[in-house]
Colleague: 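This is the structure I have questions about; it appears just below.
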Amino acid sequence: MVITSFEFLLIFLPLTLLLYWNTQHKLLILCVSSYLFYALGGLIFLPLLLGLSLATYWLAQSKRISWGIALNLVALVIFKYLNFGIDTLNTIGVSLGVTALIPLLQLALPLGISFFVFKHIGYLLDVRAGSYEPVRSKILFVTYSAFFPQISAGPLSIGNDTLSQLANLPQTITLDQLYTGFMWISIGLIKKILIADTLSNALQIGFYGQELAANGFIWGWSSVIIFALQLYFDFSSYTDIVLGISHLLGITLLPNFNNPYLATSPADFWQRWHISLSRWFRFYLFSPLSRTLLKRWGSAHSERAQYSANFITMGLIGLWHG
């Protein structure tokens, strides 16, 4: 089930909101709804999400931060990158004339694994840095891990921004939050249904069809531009809907896009596109890595430290995108 489906918008979400608005046990409703949503998207991976969440909770409590980070990274590598690595090795082998190929594993990609693993790692690093104490409530942490508006497409939580809101859920939702929530959902659905899906249909004819080769230069560049717009409107529509749903729950998430195609430079673009991912990598990887390299190499090699940190960070972002 995806958040733009009729089942979600007309059944799951209204029922969840009805229960949420009319109970004092809002965190419990969010917890049950989040794991039900995940189960409807792939029941087989529900133990993975719950198991990793509980393991991260306990390892943070016992201050075994490195164990928690390693456990989450192992899960991410196995499910997202193992077949990717095998396929890459096979491709290299074929180019070198090797005929014995490594068989791919029959592993499906769990829904939202990058998002909840990155949440866990960020949380563990915050606890290690002393930014806040480990969460005491199990139900709070497992709800944070599986928060259903975010889990399939982000935006990615940074630090304590969502945890603190889940720990202090409002007992009543204001008219302003309702208005803002429905506005964001409406904008997201317009982007998705009227723009992104229409452009996608055009791409099926042009970018992926025979007309690209037949019509040459003009059609080719037109298809590239249409593809860029379709990608943006499709991705940002999900973010808008997530922002809207969160407002209806009394939770404020940060926007994930800021007119990225109006950027004036590559650096400006990365501050506008998938902002939460860029923030996560900057906060948890680039900044500490550049400080570590600068401390090791000295101020005389500050540019070398920054370029190295840039290269490693952008390389890992590229790997995250496959």
Colleague: I'd like to know whether V2 forms a side-chain contact (heavy atoms from CB on, under 4.5 Å) with S152, so could you lay out the CA-CA distance, the side-chain angles of the two residues, the decisive distance to 0.1 Å, and finally the verdict.
Modeller: CA-CA 8 Å; V2 296; S152 59; over 6 Å; no
Colleague: Report yes or no: is the cationic atom of K119 (NZ for Lys, CZ for Arg) under 6.0 Å from the centre of the six-membered ring of W280, at an angle within 45° of the ring normal?
Modeller: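 Checked: cation-pi criterion not met.
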Colleague: Taking side chain as C-beta onward, heavy atoms only, is L48 less than 4.5 Å from I113?
Modeller: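 Touching, per the 4.5 Å side-chain cut-off.
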Colleague: How many angstroms lie between atom OH of Y144 and atom CG of L27, to the nearest 0.5 angstrom?
Modeller: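 So the OH of Y144 and the CG of L27 are separated by 14.0 Å.
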Colleague: Checking Y35 against L46 for the side-chain contact (heavy atoms from CB on, under 4.5 Å) test, could you report, in this order, the C-alpha distance in whole Å, the side-chain angles of both residues, the deciding distance, and whether it holds?
Modeller: CA-CA 7 Å; Y35 283 90; L46 187 61; 3.5 Å; yes
Colleague: Assess the residue pair D126 and Y284 against the criterion (side-chain hydrogen bond (donor to acceptor under 3.5 Å, both in side chains)); give the C-alpha distance rounded to whole Å, side-chain angles, the decisive distance to 0.1 Å, and a yes or no.
Modeller: CA-CA 9 Å; D126 286 341; Y284 293 117; 2.8 Å; yes
Colleague: Supply the atom-to-atom distance L30 CG to L249 CG, rounded to the nearest 0.5 angstrom.
Modeller: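 It comes to 5.5 Å.
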Colleague: F141 and ring-ring contact (aromatic ring centres under 6.0 Å, His included): which single residue from W58, Y123, F116 fits?
Modeller: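 Of W58, Y123, F116, ring-ring contact (aromatic ring centres under 6.0 Å, His included) with F141 is met by Y123 alone.
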Colleague: Got F147 and S246 here, is their nearest side-chain heavy-atom distance under 4.5 Å?
Modeller: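 In contact.
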Colleague: Checking K191 against S236 for the side-chain hydrogen bond (donor to acceptor under 3.5 Å, both in side chains) test, could you report, in this order, the C-alpha distance in whole Å, the side-chain angles of both residues, the deciding distance, and whether it holds?
Modeller: CA-CA 8 Å; K191 281 184 176 180; S236 66; 3.3 Å; yes
Colleague: Measure from the side-chain N and O atoms of S131 to the backbone N and O of V127, and report whether any donor-acceptor pair falls under 3.5 Å.
Modeller: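 Here the side-chain-to-backbone pair does not exist.
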Colleague: Do H247 and F182 make the cut of ring centroids closer than 6.0 angstrom?
Modeller: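 Ring-ring flag for H247/F182: false, centres at least 6.0 Å apart.
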Colleague: Between D87 (side chain only) and N83 (backbone N and O only), is there a donor and an acceptor less than 3.5 Å apart?
Modeller: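 Judged by distance alone, no pair lies under 3.5 Å.
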Colleague: Measuring from Q177:CD to T252:OG1, what's the distance to the nearest 0.5 Å?
Modeller: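 Reported value, rounded in 0.5 Å steps: 6.5 Å.
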Colleague: Between I121 and L76, is a side-chain contact (heavy atoms from CB on, under 4.5 Å) present by the stated rule, with each step listed?
Modeller: CA-CA 11 Å; I121 292 175; L76 184 64; 5.9 Å; no
Colleague: Quick one, W67 and S62 - any side-chain contact, counting heavy atoms below 4.5 Å?
Modeller: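 They are not in side-chain contact.
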Colleague: Is the distance from the ring center of F45 to that of Y38 below 6.0 Å?
Modeller: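 They do not qualify: ring centres at least 6.0 Å apart.
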Colleague: Would you give the length of the straight line joining atom CZ of F233 to atom OG of S200, rounded to the nearest 0.5 angstrom?
Modeller: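 Result: 14.0 Å between the selected atoms.
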Colleague: Are any non-hydrogen side-chain atoms of N72 and L124 less than 4.5 angstrom apart?
Modeller: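 Answer yes - side chains close enough.
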Colleague: What I'd like to find out is whether the side chain of T56 reaches to under 4.5 Å of the side chain of S53, using heavy atoms alone.
Modeller: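 Not in contact.
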Colleague: Identify the heavy atoms of A196 and Q230 that sit nearest to each other, and give their distance.
Modeller: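 Nearest heavy atoms, A196 then Q230: O-CG, 3.4 Å.
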Colleague: In this structure, which one of D161, T239, N256 forms a side chain to side chain donor-acceptor pair (under 3.5 Å) with S276?
Modeller: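 It is N256; the other options fail the test.
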Colleague: Side chains of R128 and S66: do they bring a donor and an acceptor to under 3.5 Å?
Modeller: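 Yes, a side-chain donor-acceptor pair sits under 3.5 Å.
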Colleague: Rounded to the nearest 0.5 Å, what separates atom CH2 in W297 from atom CD in E303?
Modeller: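 These two atoms lie 12.5 Å from each other.
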Colleague: Answer yes or no: is there a side-chain heavy-atom contact under 4.5 Å between W270 and I275?
Modeller: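 W270 does not reach I275 side chain to side chain.
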Colleague: Should the pair F37 and F148 be assigned to parallel (<30°), tilted (30 to 60°) or perpendicular (>60°) ring geometry?
Modeller: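 Tilted: the ring planes of F37 and F148 meet at 30° to 60°.
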Colleague: Just say parallel, tilted or perpendicular for the rings of W273 and Y232, cut-offs at 30° and 60°.
Modeller: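 W273 and Y232: tilted rings.
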Colleague: Would you check if W320 and L277 make a side-chain contact, meaning some heavy-atom pair closer than 4.5 Å?
Modeller: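 Yes - at least one pair of side-chain heavy atoms lies under 4.5 Å apart.
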Colleague: Please determine, by modelled atom types, if Q150 and S157 share a side-chain donor-acceptor pair under 3.5 angstrom.
Modeller: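 The answer is yes; a qualifying pair exists.
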Colleague: Drop me the distance from L17's CG to I173's CD1, to the nearest 0.5 angstrom.
Modeller: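 One gets 9.0 Å once the value is rounded to the nearest 0.5 Å.
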